[in-house]
Amino acid sequence: MRSLDVFASEKLAALEQRQLRRSSVVTKRQGIYCTRNGRRLLSFSCNDYLNLSQHPVIVDAAVEAAKRYGVGAGASRLVTGNHPLYADLESRLARLKGSEAACVFGSGYLANTGIIPALSGPDDLILVDELSHACINAGAKLSGASVHHYRHCDVEHAETLLAAHRANHPRALLVTDGVFSMDGDLAPLHELSRLAQHSDAWLLVDDAHGLGVIGGGHGSSFANGKPVDVPLQMGTLSKAIGGYGGYLCATQPVIDLMRTRARTFIYSTGLPPPVIAAAIAAIDVIESDPAYAAEPLRKARHFARATNLPEPQSAIVPVILGETNAALAASQLLEEQGFLVVAIRPPTVPQGTARLRFAFTAQHPDTEIERLSAIVRSHVLRQ
Ligand SMILES: Cc1ncc(COP(=O)(O)O)c(C=O)c1O
């Protein structure tokens with residue numbers, strides 16, 4: 001066997017032994033249901049919080065754009081991939097987030113790995129919440145800056161780290177998820193914003209799971225009515241928006257800097273026109289129907305109440321089970337009852353915190369949520 005194959009095989013065998021080998025199961029999605037291994041399952045593992053990925057008006061917008069403009073961008077946005085639809089999408093995103101300007105990237109992952117190194121370099125300081133998404137950490141690493149993690153949502157710890165390190169660096173970036181993707185809790189944005197302003201640090205919030213769901217659909221910095229001052233509002237078009245792509249909303253100079261310095265913007269092909277058209281149509285739905293945007297959180301709270309779990313702050317409800325095999329067994333048990341709730345295990349979450357992660361969407365029927373809750377109570381939590 002060639003050394004390359006030996007390397008891959010041994011690595012896989014070691015992961016398999018720790019139940020950490022991943023495999024992607026073929027899954028056909030139809031509305032809120034999925035078909036996997038020949039079984040039809042009600043999915044609680046999709047981030048399509050508003051079920052917009054299959055909304056007929058949005059699908060029509062994508063089909064129409066595909067027919068008019070084709071299915072690919074043809075090049076990077078700085079070459080010929082800057083389709084006229086982008087201007088509309090970016091101004092709609094800026095309006096939704098209350099910012100001066102916006103810039104769309106190929107995905108949320110590409111956004112963070114482009115934005116962070118465009119703003120920070122080896123001389124700089126980056127503070128990151130320890131439970132932030134992998135792509136924030138990837139962006140921080142790529143920047144070459146000094147990176148410190150503060151304890152989850154612990155503003156005092158962030159303050160201590162800033163007090164210790166801020167003076168040694170010309171610039172500082174403070175980065176957090178707005179809604180934590182595996183825990184569903186909200187970052188203390190008011191406090192982080194105050195701390196950032198006090199320390200001349202720039203606050204970057206990744207609101208992948210807040211847009212379309214929290215604060216009337218505007219996102220987690222709008223959770224309590226008056227928006228928090230977040231100069232760098234990043235997010236994705238792949239969750240509540242239902243499609244694909246990432247974005248940054250910020251002032252015009254910051255957005256202009258992204259267009260000329262963010263490597264994942266410059267050196268990656270633009271989004272396909274149907275994806276841009278779909279995102280615009282999705283924003284129409286969110287802006288026109290804030291009551292609909294409130295539904296995923298209402299459903300999550302209904303489930304939590306019925307299951308005796310703490311009140312959720314977002315559409316994501318974790319049930320932490322500890323060891324990987326416990327989470328896999330619980331997921332299997334729910335699958336046998338017709339529910340898809342994928343087990344989340346390390347390294348996506350810290351060791352010893354493998355879990356079921358329930359993601360609620362606007363169209364989950366209350367009766368099915370109640371059936372799910374009864375099974376979780378009696379068979380997973382054994383209440
Ligand atoms: C918090 C967070 N940020 C970024 C991403 C990446 O976004 P995308 O899937 O658009 O690359 C995700 C999704 O996986 C996420 O949960």
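Ligands are counted one by one from 1 in listed order, and the atoms in each one are counted from 1 as well.
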>> Is any side-chain heavy atom of Leu85 closer than 4.5 Å to one of Leu271?
In response: no

>> Checking Ser193 against Gln197 for the side-chain hydrogen bond (donor to acceptor under 3.5 Å, both in side chains) test, could you report, in this order, the C-alpha distance in whole Å, the side-chain angles of both residues, the deciding distance, and whether it holds?
In response: CA-CA 6 Å; Ser193 172; Gln197 285 173 42; 3.2 Å; yes

> Heavy atoms only: which of Asp206, Leu131, Thr113, Val205 is nearest to atom 4 (C) of ligand 1?
Replying inline: Asp206

> Between Val147, Leu232, Val128, Ile126, which is the residue that forms a side chain to side chain contact (heavy atoms under 4.5 Å, CB included) with Ile116?
Replying inline: Ile126

> Are any of the N/O atoms in His209 less than 3.5 Å from those in ligand 1?
Replying inline: yes

> What about Lys239: any of its N or O atoms under 3.5 Å from an N or O on ligand 1?
Replying inline: yes

> With a cut-off of 4.0 Å, which atoms of ligand 1 are near a heavy atom of Asp177?
Replying inline: 1 (C)

> Going by the order shown, which atoms of ligand 1 are within less than 4.0 Å of some heavy atom of Ala208?
Replying inline: 1 (C), 2 (C), 3 (N), 15 (C)

> Just which atoms of ligand 1 are under 4.0 Å from any heavy atom in Tyr109?
Replying inline: 6 (C), 7 (O), 8 (P), 11 (O)

> Hey, is ligand 1 close enough to Asn112 that some N/O pair sits below 3.5 Å?
Replying inline: no

> What atoms of ligand 1 come closer than 4.0 angstrom to any heavy atom of Ser238?
Replying inline: 8 (P), 9 (O), 10 (O)

> Heavy-atom distance under 4.5 Å between the side chains of Asn308 and Arg377, does that happen here?
Replying inline: yes

> What residue and heavy atom of the protein are closest to atom 5 (C) of ligand 1, and at what distance?
Replying inline: His133 CE1, 3.6 Å

> Looking only at protein heavy atoms, which one is nearest to atom 8 (P) of ligand 1, and how far off is it?
Replying inline: Gly108 N, 3.4 Å

> For Cys135, is at least one N or O under 3.5 Å away from an N or O on ligand 1?
Replying inline: no

> Less than 4.0 Å between a side-chain N and a carboxylate O, is that true for Arg171 and Asp123?
Replying inline: no

> Any sub-3.5 Å donor-acceptor pair from His149's side-chain atoms to Asp129's backbone N or O?
Replying inline: no

> Mind checking whether His364 and Phe44 have parallel, tilted or perpendicular rings, split at 30° and 60°?
Replying inline: parallel

>> Classify the ring geometry of Phe358 against Phe303: parallel below 30°, tilted from 30° to 60°, perpendicular beyond 60°.
In response: tilted

